[in-house]
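For reference, the structure discussed in these notes is given below.
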2 protein chains.
Amino acid sequence: MTTNPLTTSPTARHQAGRRERKSDRTRRRILDAAADILSRKGFDGTRVAEIAEIAQLSVPNVYYYFDSREAILEEVVNIGDRLALDHVKAALAALPPEATAMDRICTAFAAHLDTVLKQSAYAAAAMRTMAQLPSDIRARQLHHQRESGEMWRGLIAAGVEAGEVDPDLDPRAARMFLLGAVNWAPEWWNPERGSIEDTVATVRRLVRNALTVPTSATRTGSPNESAM
Amino acid sequence: MTTNPLTTSPTARHQAGRRERKSDRTRRRILDAAADILSRKGFDGTRVAEIAEIAQLSVPNVYYYFDSREAILEEVVNIGDRLALDHVKAALAALPPEATAMDRICTAFAAHLDTVLKQSAYAAAAMRTMAQLPSDIRARQLHHQRESGEMWRGLIAAGVEAGEVDPDLDPRAARMFLLGAVNWAPEWWNPERGSIEDTVATVRRLVRNALTVPTSATRTGSPNESAM
DNA sequence: GTCTATAGGAAGATAGAC
DNA sequence: GTCTATCTTCCTATAGAC
């Protein structure tokens, strides 16, 4: 979970342990810079001149490595999507077989939060700019979104089947609300106000509470008691 | 809660029930268009030409009403912030005196969600572009943010004091996670996949579950069991 | 109040020398 | 591979007629 997130980049020619060529490192500096800006300023706010400045090269030099501004941003988003999914899958795979469905759900959200906060500006950028992407880029990443969607859906469904998740919750809405909670974190999280570990621990507890079947004693009336 | 959100706009000359002049209506069309685009495309993605197109007037005409593009967007954000806070306060004021601290918290989040989803593109725009705003605009809205911050902090604190909110949760992180969940909703919510009322009901239940002191039976180990 | 025409400048992208 | 110089397009904003 602490390995270099880009050794598995779609563009990496040589995989395992092989030392990057200078060209690859420059290309990567560009992507790193773009991911950083994209996650902070959004799609239209990400300027090639600023990417070049942070990556410490000239604007034309950026175009030596990429065909267009959009091509850079599309690759950032693709890497981010993949990274987020891979980290969640890796965290799930590391769980002992006796882990409950709820353990798996909490671990998945915790891993996703860890990714967008610490592991990868790419993932943060991908999550925070989804709606802003031009339609052609969105279309090309659709199959990828579907894969993540199915994973999250499956996790929650397993929890419901096991009787560990509150069956009165709309599974889709609950899933999206919790993903939103986590995807929004880069907006407010500040290392000076609390460590990543504490924040991740909070989200674990919050998710577990939120999804667990409540004891009737603590509830007042039906879920729809007052519509607003 | 269904009154026109802009009769209380900072720029409205005549308040209560007085009919708007044509000039005010045009001004408002511009703001409406800007709010819509801003909430979808972010600060840098909002173009004056597109505002003009949606508001059905020419670009120079927009500049007859506003000094600059930034002036439009700043007013949208200010209105949005105010609207969101006012709607939450109104919902809280409408609660019966016997409402518990947890009732108040759920009602507040429900009202906020209702605002960003249904009542106001202004509120959605304000919430979703906070981090993208130029620093001068951010500075001018800071006092406003503080007022909301204090309200939310107070609601949670009251819940903890009343013994209704899980004291093991970090209050700030929990508050920000739940606000994120709600602010993120415009990204995925779709009227065809579920009504606003159902979605609001889900968030009520989710928030109540998330913050309620859990029964020890449903927990496994300490909150920090596995650090990831 | 609303428009057509246009100034002025920023940003994406390319040419071509080194 | 990297740069300086430049082209082109798009966008903010203004001038000035109606």
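Below, chains carry the letters A, B, ... as their sequence lines are ordered, and counting in each starts from 1. Everything quoted here is computed from the prediction, not taken from an experiment.
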inquiry  = Taking the basic N atoms (NZ, or NE/NH1/NH2) and the acidic carboxylate oxygens, is any pair closer than 4.0 Å for A:R175 and A:D170?
reply    = no

request  = Salt-bridge test for A:D24 and A:R21: reply yes if a basic N is under 4.0 Å from a carboxylate O, no otherwise.
outcome  = yes

For [X] and [N], what is the distance between atoms [atom1] and [atom2] respectively, to the nearest whole Å?
X     : N      : atom1 : atom2 : value
A:E50 : C:dA13 : CD    : C1'   : 18 Å
A:R25 : D:dG1  : CZ    : C1'   : 13 Å
B:Y65 : C:dG1  : OH    : C1'   : 6 Å
B:F66 : D:dT14 : CZ    : P     : 15 Å
A:I30 : D:dT2  : CD1   : C1'   : 11 Å

Which pairs, protein N/O on one side and nucleotides 11-13 of chain D N/O on the other, fall under 3.5 Å?
residue, atom, partner, partner atom, Å
D:dC11, OP1, B:R47, NH1, 3.2
D:dT12, OP1, B:V48, N, 3.4
D:dT12, OP1, B:R69, NE, 3.4
D:dT12, OP2, B:V48, N, 3.2
D:dA13, OP2, B:Y63, OH, 2.7
D:dA13, OP2, B:R69, N, 2.7

Heavy-atom neighbours of [X] [atom1] exceed 12 at 6.0 Å:
X      : atom1 : result
A:Q145 : CD    : yes
A:N190 : CG    : yes
B:D136 : CG    : yes
B:R140 : CZ    : yes
B:Q56  : CD    : no

Does OP1 or OP2 of [N] have a side-chain N or O of [X] closer than 4.0 Å?
X     : N     : result
B:N61 : C:dC3 : yes
A:Y64 : D:dC3 : no
A:S58 : D:dC3 : yes

request  = Give a yes/no verdict on a cation-pi contact between A:R69 and A:F43, requiring under 6.0 Å between NZ or CZ and the six-membered ring centre and an angle within 45° of the axis.
outcome  = yes

inquiry  = Under 3.5 Å, is there a donor on one side chain and an acceptor on the other for A:Q119 and A:D114?
reply    = yes

query = Bend across the helix from C:dG1-D:dC18 to C:dC18-D:dG1, to 10°, with axes taken over 5 pairs at each end?
reply = 0°

